[in-house]
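Report on one structure; see the data block that follows.
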Amino acid sequence: MPPLLTVVLASLVALAGAMWAVLKVMRVELAERFDAGFDAVDSRFAAPIARFDSRFDAVDSRFDAVDYRFDALDKRVDGIDSRFDEVRLDMRALTERVDRIVEGIPPLQPA
């Protein structure tokens, strides 16, 4: 290779290496800036997010209490419903018994 071409190629390789080093440093600086900005945003929103979480937990516990009450009410309604079923069966048995008694009574004779 002619000496001029060798010098030009060596200069280009050295320039590319220097540019690579500069880009690497810039990338690290940008990453650090991004991390610092993200941390600032994160710290800014940490308190509102914590308040929202605590309020959500309070509402969630209230819903759990209401759900527990509805479950208790549902059990009571089931108990009442089963008692009505028992009463219906008792009324049906009573109706059948009355029907049998009425069948045993002779019809009224016209006077």
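Computed from a predicted structure; not experimentally measured. In this chain, numbering begins with 1 at the start of the sequence shown.
Note that CZ of F70 is 15.0 Å distant from NZ of K75, once rounded to the nearest 0.5 Å. Taken from CE in M26 to CE in M19, the straight-line distance is 10.0 Å, to the nearest 0.5 Å. Taken from CZ in F52 to CZ in F45, the straight-line distance is 14.0 Å, to the nearest 0.5 Å.
Residues satisfying the side chain to side chain contact (heavy atoms under 4.5 Å, CB included) criterion with F84, sequence neighbours excluded, are I80, R88. Taking the side chain to side chain donor-acceptor pair (under 3.5 Å) definition, one finds that D35 meets it with nothing, sequence neighbours left out. Residues satisfying the side chain to side chain donor-acceptor pair (under 3.5 Å) test with R83, not counting sequence neighbours, are E86. With sequence neighbours excluded, no residue forms a side chain to side chain contact (heavy atoms under 4.5 Å, CB included) with R69. Under the rule for a side chain to side chain donor-acceptor pair (under 3.5 Å), R100 has no partner lying at least two apart in sequence or in another chain.
Note on residues 40-59: no pairs pass salt bridge (Lys or Arg N to Asp or Glu O under 4.0 Å), not counting sequence neighbours.
Residues D78 and S82 fail the side-chain proximity criterion, which asks for heavy atoms closer than 4.5 Å. Here the side chains of R92 and T95 are not in contact, with every heavy-atom distance at 4.5 Å or above.
Nearest heavy-atom pair across A40 and S43 is O-OG, 2.9 Å.
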